[in-house]
Each structure stands twice: as structure tokens, then as C-alpha cells.
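Okay, structure first, notes after.
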Amino acid sequence: MGFADQRFDVNLSILFTELPLLERPAAAAAAGFTAVELWWPWVDSPTPGRSRLDALHRAIEDAGVHLTGLNFYAGRLPGPDRGALSVPGEESERFRANIDVAAGFAHSLGCTALNALYGNRVDGVDPAEQDALALENLALAARAADQIGAMLLIEALNAPESPRYPLVSAPAAVDVVDQVNAATGLGNARFLMDLYHLARNGEDLPAVIDRYAGRTGHVQIADSPGRGAPGTGSLPLEDLLDRLRKAGYDGWVGLEYKTGDRPGTDAFDWLPR
């Protein structure tokens, strides 16, 4: 087993960013990938015009790659925001406006995984109020995902880099998964297991895998420390992915790492061919 036995997709919001967005799907295909994923590409708008949606749709189709995952609108990402759905007021409304747009775009490309970042805590707002708003919005998103045969992903981030984000452990994220499934009765909310974030939180990764592999809808990786490519840090990523396979996870593994000064085309030396 090992890296050669995994199904890797490349996140075009963190890799190939030296290229314009519409050129990245073709670059991923040229690098040998058959699948890609994306954060919400239009930070300035949860409801971009038809022409922008169609242009990205064509770029992905023309490149011959499959879109395996898409984030709902999450505010300024990359940037100071970590989601919008628990932020009262305008950001929550922007998230809601985005739900059908994101689901429709995903459906048009056969994408069946939609990631909903929870959002940061807001000064002066009761956390319980934010959590109630989050559950309401996540239920809306789960129902929209269900209508296109997709799952809703809930992700834990890491406290050092996202100190205001409340879901900074696997149990915290899975608890929200359970709440959403209980609220909707659909069972399509799943855990997004990002091994980099969990490692930065100091979690016991083999134990997390053993406990939550069956609840996991998608996996993302980067090495730690540094969030670089596999082999640049100290995580035993081959062993961890093997453990996931043995625990029953057979889905995609998203590459969500930083390349430093290297262009995306040179960022895959570690990957067996």
C-alpha cells in the first residue's frame, strides 16, 4: 500500500495559484490528475453572474477533470474569515443566498461533496446564538445537498491558525455532524478529516482514524509543520492513509498544501507515477 494506492485530487484554491483560476483545471490535468476540488472561488460574491459560473464550468469540463468537492461561500478565504454560516447578519444571509448556487454548480459537474465552514466566533455575540444559527443554516445546506445526491461536509480546523474557530477537534466537528443529521433526518452530513489541521491540534491521528473513518466523507492532507507537500514535515502520511484504507475509507484524498516558491507544476515530486 502507500501513496500509489490512493486516489488523489488537487485543490485548485491552494495549488496552481500562480495561474488564473480558469487555467488551473488544465494545469492539474497536465500534471496527471483526473480530479480537482475548490474553495468557493468568488470571494467577492456568493451569487456570481452566470457568465462566471459558465466559464469555470467550461474550464473544468474542457480539462477533462472531475470536480470532487466544493466549498460553500465562506467569506474571505484565504484571509481572516473561516466561514459565514454562524455569523449573524449579512454574512449568514450571504451563505444562504449561496446555497442553491453552489449546489447547482456542483450538480452540473457531478460533484457530490459540499463543504460548509462553520465561521469564527464574533465579539459580543452569545456563542449559543451562533450555534443555533449554524445548525439552522447547516440544515438548509444539508437539504440542498441531498436534493442533488451530495453529502454535506463539516471540517475541523486548527486552533493555532484559526483561534476564533470553534471546531478545532475531530469530536467537535463530528458532534455538529450528528446535530445536523438529527435535525434533518437525512444522514448526509459527514466529517471532513483534514490530517494537517488535526495534527496541528495535537490529536492522536491513528485514534481519530480508528474512531471516525466510518463517519468520514472526505480526507485532505498536507504535511506538518509548515503545511507543505508530503515529506516536507514529520507526519507519517503514507502510514496514516494506509490506516484509513484499512478502516474502510475508499474516497478521494485532497491535496491541500502550500508549495512555497515552487510553481504548482513542480509540487508533486513525492507522488509515485
Side-chain angles (χ1 to χ4, degrees), residues 1-44 48-71 74 77-78 102 104-115 150 153 192-196 217-224 226-233 235 237-238 240-242 244-245 249-273:
M1 300 181 74
F3 287 146
D5 298 294
Q6 306 296 331
R7 291 197 301 164
F8 291 111
D9 72 76
V10 60
N11 190 311
L12 297 182
S13 297
I14 195 169
L15 286 156
F16 298 109
T17 53
E18 72 277 7
L19 300 173
L21 174 64
L22 298 183
E23 295 179 18
R24 296 176 203 170
F33 292 95
T34 61
V36 299
E37 60 183 78
L38 282 162
W39 301 339
W40 184 247
W42 300 283
V43 176
D44 60 322
R50 187 77 254 165
S51 62
R52 298 170 84 183
L53 293 162
D54 289 346
L56 182 56
H57 186 284
R58 284 194 303 272
I60 292 171
E61 277 204 332
D62 290 349
V65 293
H66 175 53
L67 183 67
T68 61
L70 177 68
N71 282 20
L77 186 73
F105 184 77
H107 185 51
S108 72
L109 288 162
C111 172
T112 58
L114 289 159
N115 184 25
L153 299 173
L192 194 165
M193 186 185 291
D194 186 310
L195 296 178
Y196 167 75
H218 187 50
V219 172
Q220 293 173 334
I221 65 167
D223 215 330
S224 180
R227 199 173 183 173
T232 61
L235 287 185
L237 287 169
E238 281 191 271
L240 292 169
L241 292 179
D242 282 349
L244 266 163
R245 274 293 184 92
Y249 180 77
D250 61 357
W252 291 94
V253 175
L255 304 180
E256 200 181 64
Y257 57 80
K258 298 177 181 178
T259 62
D261 296 331
R262 305 175 72 197
T265 50
D266 296 334
F268 308 108
D269 298 345
W270 59 274
L271 189 60
R273 296 296 181 184

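A quick note: this is a predicted structure, and the numbers were derived from the prediction, not measured. Along the sequence shown, residues carry numbers from 1.
- Side-chain atoms of Tyr196 never come within 3.5 Å of backbone atoms of Tyr257 as a donor-acceptor pair (strictly under, hydrogens ignored).
- Using cut-offs of 30° and 60° on the angle between ring planes, the pair Phe268 and Phe16 is tilted.
- Using a 4.5 Å heavy-atom threshold, the side chains of Phe33 and Leu15 count as separate.
- Interatomic distance, His107 NE2 to Leu70 CG, rounded to the nearest 0.5 Å: 14.0 Å.
- Counting only heavy atoms from C-beta outward, the side chains of Ile60 and Val65 approach each other to under 4.5 Å.
- Ion pairing of Arg50 with Asp54 is present here, as a side-chain N (NZ or NE/NH1/NH2) and a carboxylate O approach within less than 4.0 Å.
- The minimum heavy-atom distance linking Ala74 with Leu77 is given by the pair CB-CD2, 4.1 Å.
- The structure places CG of Leu192 at 8.5 Å from CG of Asn71, a figure rounded to the nearest 0.5 Å.
- Under the rule for a side-chain contact (heavy atoms from CB on, under 4.5 Å), the partners of Thr34 that lie at least two apart in sequence or sit in another chain are Trp252.
- Residues Ala28 and Val36 come closest through the heavy atom pair CB-CG1, 3.8 Å.
- With a 4.5 Å cut-off on side-chain heavy atoms, Thr68 and Arg7 do not count as touching.
- Rounding to the nearest 0.5 angstrom, the gap separating the CG atom in Leu56 from the CZ atom in Arg24 is 10.0 Å.
- With rounding to the nearest 0.5 Å, the separation of CG in Leu12 from CG in Leu38 is 5.0 Å.
- Rounded to the nearest 0.5 angstrom, Phe105 CZ and Leu67 CG are separated by 6.5 Å.
- At least one side-chain heavy atom of Gln6 sits under 4.5 Å from a side-chain heavy atom of Asp242.
- When side chains are defined from C-beta on, Asp9 counts as touching His218, because their heavy atoms get closer than 4.5 Å.
- The two residues Ala222 and Glu256 come nearest to each other via the heavy atoms CB-O, 3.7 Å.
- In this structure the side chain of Thr232 never reaches within 4.5 angstrom of the side chain of Trp270, judged on heavy atoms.
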- Should Ile221 and Leu255 be marked as a side chain to side chain contact (heavy atoms under 4.5 Å, CB included) after you check the CA-CA gap, both sets of side-chain angles, and the distance that decides it? CA-CA 6 Å; Ile221 65 167; Leu255 304 180; 3.7 Å; yes

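- Residues Ala150 and Ala113 approach most closely at CB-N, 4.2 Å, considering heavy atoms.
- Side-chain atoms of Trp42 and Arg52, non-hydrogen and from C-beta on, do get closer than 4.5 Å to each other.
- The minimum heavy-atom distance between Pro25 and Ala59, with the atom names listed, is CB-O, 3.6 Å.
- Of the residues Asp194, Leu241, Leu240, the one that meets the side chain to side chain contact (heavy atoms under 4.5 Å, CB included) test with Val219 is Leu241.
- For Ala26, the side-chain contact (heavy atoms from CB on, under 4.5 Å) criterion is met by Ala63, not counting sequence neighbours.
- The distance from atom CE of Met193 to atom CG of Leu244, rounded to the nearest 0.5 Å, is 5.5 Å.
- The main-chain N or O of Gly228 is never found under 3.5 Å from a side-chain atom of Asp223 such that the two would form a donor-acceptor pair.
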